[in-house]
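Note that this is a predicted model, so its numbers are computed, not measured.
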Amino acid sequence: MSNDHLQNVLAQTAEERFEYFLDAVGEEREIWILINSDEHFLKLHGEEDGGFEYLPIWPRSEFAEHYAEGSNELTPKSIPLPQFLNRWLPGLNKDGIEVGVFPGADNSVWISEPKDLEQDLRDELARF
């Protein structure tokens, strides 16, 4: 992926990046997260509505790498889409953790409930 393409996508609105995410994941069948050296995944905290935790996810490793620039501790990790749908999303739902789909250059992010994201992803897969 060219740096220009990466920058153009990152400059999109949160909603545009969400649509890009669905298309890319529908094709690639994998999700990317960031983990530290202890294999713990990155969780972020939102401040709206009294605060909440969310798991940031990306459609490709390059976007996760870009987000982690400057951090020596975080590296991208791929999760196969079936595993994400069948294990991760139910676990996040159970733990009350939301999903931050594709944080952008301006730190905007599309926050989704795990069940809503599961439905969006399954709808996207039905198109293929």
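Residues passing the side chain to side chain donor-acceptor pair (under 3.5 Å) test with Ser78, sequence neighbours excluded: Glu30. Under the side chain to side chain donor-acceptor pair (under 3.5 Å) criterion, Gln119 pairs with Asp123, sequence neighbours left out. Every side chain to side chain contact (heavy atoms under 4.5 Å, CB included) that Asn3 has, sequence neighbours left out, goes to Leu6, Gln7. Taking Arg29 as the reference, Leu81, Leu125, Phe128 meet the side chain to side chain contact (heavy atoms under 4.5 Å, CB included) condition, with sequence neighbours excluded. Applying the ring pair (Phe, Tyr, Trp, His ring centres under 6.0 Å) test to Phe63 and every residue at least two apart in sequence or in another chain returns Tyr20, Phe102. Residues passing the side chain to side chain contact (heavy atoms under 4.5 Å, CB included) test with Glu16 are Gln12, Thr13, sequence neighbours excluded. The salt bridge (charged side-chain N to carboxylate O under 4.0 Å, His left out) check on Glu124 picks up Arg127, with sequence neighbours excluded. Residues that satisfy the side chain to side chain contact (heavy atoms under 4.5 Å, CB included) test with Pro90, not counting sequence neighbours, are absent from this structure.
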Exercise. Assess whether side-chain contact (heavy atoms from CB on, under 4.5 Å) is satisfied between Leu121 and Phe84, documenting all intermediate values.
Key: CA-CA 10 Å; Leu121 286 168; Phe84 187 75; 4.2 Å; yes
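Atom CZ of residue Phe18 and atom CG of residue Asp23 lie 10.5 Å apart, to the nearest 0.5 angstrom.
Here salt bridge (charged side-chain N to carboxylate O under 4.0 Å, His left out) pairs that include residues 89-99, with residues two or more places apart or in two chains, number zero. Within the structure, the salt bridge (charged side-chain N to carboxylate O under 4.0 Å, His left out) test picks out the following pairs touching residues 58-73 (sequence neighbours left out): Glu28-Arg60.
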Atom pairs and distances, donor-acceptor, side-chain atoms in residues 107-118, under 3.5 Å, two or more places apart:
{"residue": "Ser108", "atom": "OG", "partner": "Arg17", "partner atom": "NH1", "Å": "3.4"}
{"residue": "Ser108", "atom": "OG", "partner": "Arg17", "partner atom": "NH2", "Å": "2.9"}
{"residue": "Ser108", "atom": "OG", "partner": "Asp106", "partner atom": "OD1", "Å": "2.6"}
{"residue": "Ser108", "atom": "OG", "partner": "Asp106", "partner atom": "OD2", "Å": "3.4"}
{"residue": "Ser112", "atom": "OG", "partner": "Leu117", "partner atom": "N", "Å": "3.3"}
{"residue": "Glu118", "atom": "OE2", "partner": "Arg122", "partner atom": "NE", "Å": "3.0"}
{"residue": "Glu118", "atom": "OE2", "partner": "Arg122", "partner atom": "NH2", "Å": "3.3"}

Sequence neighbours excluded and cut-off under 3.5 Å, please list the side-chain donor-acceptor pairs for residues 34-46, or say none.
{"residue": "Asn36", "atom": "OD1", "partner": "Asp38", "partner atom": "N", "Å": "2.9"}
{"residue": "Asn36", "atom": "OD1", "partner": "Glu39", "partner atom": "N", "Å": "3.2"}
{"residue": "Asn36", "atom": "OD1", "partner": "His40", "partner atom": "N", "Å": "3.0"}

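Side-chain contact between Phe21 and Ile31 is present, with heavy atoms from C-beta onward closer than 4.5 Å.
The minimum heavy-atom distance linking Pro103 with Tyr67 is given by the pair CB-CE1, 3.6 Å. Trp32 and Pro76 make their closest contact through CE3-CB, 3.8 Å (heavy atoms, listed as atom of the first residue, atom of the second, distance).
With hydrogens and angles ignored, the 3.5 Å screen pairs a side-chain donor or acceptor of Asn8 with a backbone N or O of Asp4.
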